[in-house]
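Just below is one structure, and these are the notes that go with it.
The residues of the chain are indexed from 1 along the displayed sequence. FYI, side chains are in, hydrogens and waters are out, and symmetry mates aren't considered; it's all heavy atoms of this structure.
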Amino acid sequence: MSHNYATPMTPERRLARLLSRIPEDRMVRIERLPGAAGAPRWRAAIGEAGSTDCPAERWSVAFDTMADALDAAWKAVRPPADRSRGA
């Protein structure tokens with residue numbers, strides 16, 4: 001009998017995983033916005049390495065979850081993957 005030892009990806013675990021992938025020299029900004037029917041919406045921005053600012057064009061669109069907003073912001077600024085590895 002096989003067992004699945006994987007732990008579920010809770011919203012908290014997903015957020016922690018995303019934050020661990022963003023280099024410490026990057027500024028991370030997250031904003032909570034008012035949404036329809038009182039449910040909050042989230043947007044995020046990640047600055048350049050060593051920067052103390054997140055320009056307006058770096059902000060993600062609004063998402064229902066903080067993790068989705070942070071993921072979109074990181075995908076927009078992360079360095080391209082090294083194609084020579086794993087291929």
Side-chain angles (χ1 to χ4, degrees):
M1 175 189 227
S2 64
H3 296 283
N4 182 357
Y5 292 104
T7 56
M9 185 62 73
T10 64
E12 293 81 10
R13 284 179 168 258
R14 182 170 178 229
L15 188 59
R17 183 176 181 209
L18 285 165
L19 288 170
S20 72
R21 292 179 174 203
I22 300 170
E24 290 185 20
D25 64 347
R26 299 282 187 117
M27 173 179 272
V28 176
R29 305 255 338 245
I30 300 172
E31 282 188 355
R32 183 176 59 197
L33 306 168
R41 305 265 300 162
W42 301 90
R43 70 180 192 146
I46 299 174
E48 289 293 330
S51 174
T52 59
D53 189 26
C54 294
E57 64 271 6
R58 298 250 176 180
W59 285 95
S60 70
V61 298
F63 287 90
D64 290 334
T65 68
M66 187 186 304
D68 287 339
L70 188 60
D71 189 32
W74 177 235
K75 284 178 180 177
V77 300
R78 72 179 176 200
D82 183 3
R83 298 281 182 203
S84 64
R85 292 183 357 186

Worksheet item: Looking only at heavy atoms, which two atoms of Arg26 and Pro79 are closest? And how far apart?
Response: NH2-CD, 4.5 Å
Discussion item. Please find the pair of heavy atoms, one from Ser60 and one from Ala69, that lie closest to each other, and give the distance.
Written reply: OG-O, 3.7 Å
Worksheet item: According to a 4.5 Å side-chain heavy-atom criterion applied to Ile, Leu, Val, Met, Phe, Trp and Tyr, with indirect links allowed, do Phe63 and Leu18 form part of one hydrophobic cluster?
Response: no
Item to complete: Verify the cluster assignment for Trp59 and Leu15: are they in a single hydrophobic cluster under the rule of side-chain heavy atoms below 4.5 Å apart?
Response: no
Practice prompt. Quick one: pull up CG in Leu70 and CZ in Arg14 and give me the separation to the nearest 0.5 Å.
Written response: 9.0 Å
Practice prompt. Flag the pair Arg17 / Met9 as yes when at least one side-chain heavy-atom distance between them is below 4.5 Å, and no otherwise.
Written response: yes
Worksheet item: If you count the non-hydrogen atoms of other residues, nucleotides and ligands that lie under 6.0 Å from CD in Glu24, is the total more than 12?
Response: no
Show the atom names and distances, to 0.1 Å, of all donor-acceptor pairs under 3.5 Å that link a side chain in residues 27-46 to residues at least two apart or in another chain.
| unit_1 | atom_1 | unit_2 | atom_2 | d |
| --- | --- | --- | --- | --- |
| Glu31 | OE1 | Arg43 | NE | 2.9 |
| Glu31 | OE1 | Arg43 | NH2 | 3.0 |
| Arg41 | NH1 | Asp64 | OD1 | 2.4 |
| Arg41 | NH2 | Ala62 | O | 2.8 |

